[in-house]
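Reviewing the structure listed below.
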There are 2 protein chains.
Amino acid sequence: MKRSSRLSIALHALVHLHAQPGKALTSAALATCLMTNAVVVRRVLGELREGGIVDASKGPNGGWSLARPAEDISLRDVYTAMGERLLVRTESDPGDVTCAIVRSVDRVMKEFIDDAEALLAARLARTRLSDIASEAMAKGFPRLG
Amino acid sequence: MKRSSRLSIALHALVHLHAQPGKALTSAALATCLMTNAVVVRRVLGELREGGIVDASKGPNGGWSLARPAEDISLRDVYTAMGERLLVRTESDPGDVTCAIVRSVDRVMKEFIDDAEALLAARLARTRLSDIASEAMAKGFPRLG
DNA sequence: GTTTCATGTAACTTTTAATGTTACATATTG
DNA sequence: CAATATGTAACATTAAAAGTTACATGAAAC
């Protein structure tokens, strides 16, 4: 996987977990389906675990599973748990902040970014994991063994 | 300048142009103040020129100037002219789109991104170059010779 | 017209963040 | 204790942005 957002990776993994209720999926199995690496999966799902969205268990028959129903997981929950940034950063060079113009630009941009984050979060809250899952399932998809 | 957004660079340059009405500023002079390179300035302002926000003139006493009053330049105008992305990209790996889940995730994310772009553009439209400039000028700033 | 100065732009290098990889410690099941 | 999975550190790779160099093009001043 070259350049997809961690958010997309997370959602893809979560749909797989939702599709296999009661069965823990390993990082390795998910990595194969997501066309990425097991460590990358652990890094992403590790954040979701800290956010209480998924559970992880070690040992034989261990792996990842949803911590609560897909209906109760919004994209905002996932976004927040990951500390993900949907907005690109706009800070200026630290050596440049002695300039009053730079400070004003930074301040205006910060106000904008703060507003934008709130707007985005509100929009993300409107979509739930179950919305993605039901659409994907309606079309059929390969299950993990 | 290590990692600031092109949008910040553009706004910084535009405020300088606004502060020196009737006088064209060169890429080299702006680069010094923006703590970056003249070619970077030309690349950014070149897009604004195509968007009708600034004018460029060659030869002695040439350089960059605003194409219209700062009151008539919104952050949205600048954003649009630059084809800038405030949102990080979320596409999945092209080799992965045979998976129905990936396609559903991508579709949901695309809907979200489209909505988000509209929200951000509307928010950007509320701030004008003159808003940034008047704040910066109230605090004083170094003029370019 | 020639000199000077500025933009326009191509080609290349450097830098940075994200991602991928390897290796191994830790914990859990049976 | 053997097998298996997460957790994580350390390092390598990759891709995008920015920086740099070099030079062609065009406009003003003399």
Side-chain angles (χ1 to χ4, degrees), chain A residues 1-10 12-13 17 23-32 34-50 54-65 67 82-96 144-145, chain B residues 1-10 12-13 17 23-32 34-50 54-65 67 82-96 144-145:
Chain A
M1 186 167 286
K2 307 282 182 181
R3 280 273 131 173
S4 80
S5 78
R6 288 154 14 98
L7 187 54
S8 289
I9 294 177
H12 189 174
L17 297 184
K23 178 175 186 179
L25 298 181
T26 68
S27 303
L30 286 168
T32 300
L34 310 205
M35 296 181 68
T36 184
N37 187 283
V39 174
V40 173
V41 172
R42 283 185 206 129
R43 284 204 278 245
V44 170
L45 292 188
E47 296 182 84
L48 299 187
R49 175 178 49 71
E50 290 173 21
V54 299
D55 290 323
S57 58
K58 294 182 175 180
N61 298 319
W64 305 91
S65 54
M82 299 181 69
E84 182 72 335
R85 283 189 299 257
L86 246 24
L87 293 165
V88 303
R89 299 172 322 152
T90 56
E91 304 89 42
S92 296
D93 188 283
D96 206 17
L144 295 177
Chain B
M1 186 166 288
K2 305 281 181 183
R3 278 273 133 173
S4 81
S5 76
R6 287 155 16 97
L7 187 54
S8 288
I9 295 175
H12 190 174
L17 296 184
K23 178 175 185 178
L25 298 181
T26 67
S27 302
L30 287 168
T32 300
L34 308 204
M35 296 182 68
T36 184
N37 188 282
V39 174
V40 173
V41 171
R42 283 185 206 129
R43 285 204 277 243
V44 170
L45 292 188
E47 296 182 83
L48 300 186
R49 176 178 48 71
E50 289 174 22
V54 299
D55 290 323
S57 59
K58 294 182 176 180
N61 298 318
W64 304 91
S65 54
M82 298 181 69
E84 183 72 334
R85 285 187 302 253
L86 246 23
L87 292 166
V88 304
R89 300 171 321 150
T90 57
E91 302 90 43
S92 297
D93 188 285
D96 206 18
L144 295 178

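The basis for the numbers below is simple: all heavy atoms, side chains too, and nothing from hydrogens, waters or symmetry mates. Every chain is numbered from 1 and lettered A, B, ... according to where its sequence line falls, protein lines coming before strand lines.
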To the closest 0.5 Å, what do you measure between [atom1] ([X]) and [atom2] ([Y])?
X	Y	atom1	atom2	value
A:Thr26	A:Asn61	OG1	CG	11.0 Å
A:Glu50	A:Leu45	CD	CG	11.5 Å
A:Asp55	A:Leu48	CG	CG	11.5 Å
B:Ile9	B:Arg43	CD1	CZ	10.0 Å
B:Asn37	B:Leu30	CG	CG	12.5 Å

>> Using heavy-atom distances to pick each residue's nearest nucleotide on DNA chain C, tell me which of B:Pro60 and B:Gly63 is more 5'.
In response: B:Pro60
Considering only side-chain heavy atoms of [X], which listed nucleotide, [options], is closest?
X	options	result
B:Lys58	D:dG26, D:dG7, C:dT19	D:dG26
A:Asn61	C:dG30, C:dC5, C:dT26	C:dG30
A:Val39	C:dT21, C:dT19, C:dT7	C:dT21
B:Arg49	C:dG8, D:dT8, C:dT19	C:dG8
B:Asn37	D:dT25, D:dG7, D:dG19	D:dG19

> How is B:Gly59 classified with respect to the nucleic acid when contacts are heavy atoms under 4.0 Å: base, sugar-phosphate, or nothing?
Replying inline: base
>> The test is side chain to side chain contact (heavy atoms under 4.5 Å, CB included); show your working for B:Leu34 and B:Val40 and say whether it passes.
In response: CA-CA 10 Å; B:Leu34 308 204; B:Val40 173; over 6 Å; no
Send over the distance from [X] [atom1] to [N] [atom2], rounded to a whole Å.
X	N	atom1	atom2	answer
A:His12	C:dT19	NE2	P	16 Å
A:Leu34	C:dA18	CG	P	19 Å
B:Lys23	C:dA6	NZ	P	11 Å
B:Met35	D:dG19	CE	P	10 Å
A:Glu47	C:dT19	CD	P	11 Å
A:Ile9	C:dA18	CD1	P	12 Å
A:Asp55	D:dG7	CG	C1'	16 Å
B:Leu25	C:dC5	CG	P	17 Å

> Which residue lies toward the 5' end of DNA chain D, A:Glu50 or A:Gly62, if each is placed at its nearest nucleotide?
Replying inline: A:Gly62
Would you indicate, yes or no, if [N] has its OP1 or OP2 atom less than 4.0 angstrom from a side-chain nitrogen or oxygen of [X]?
X	N	value
A:Thr26	D:dT6	no
A:Thr36	C:dG20	yes
A:Ser27	D:dA5	no
B:Arg42	C:dG8	no

> With distance as the sole criterion, do the side chain of A:Arg43 and the base of C:dG20 form a donor-acceptor contact below 3.5 Å?
Replying inline: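 Under the 3.5 Å cut-off, the side chain and the base do form a donor-acceptor pair.
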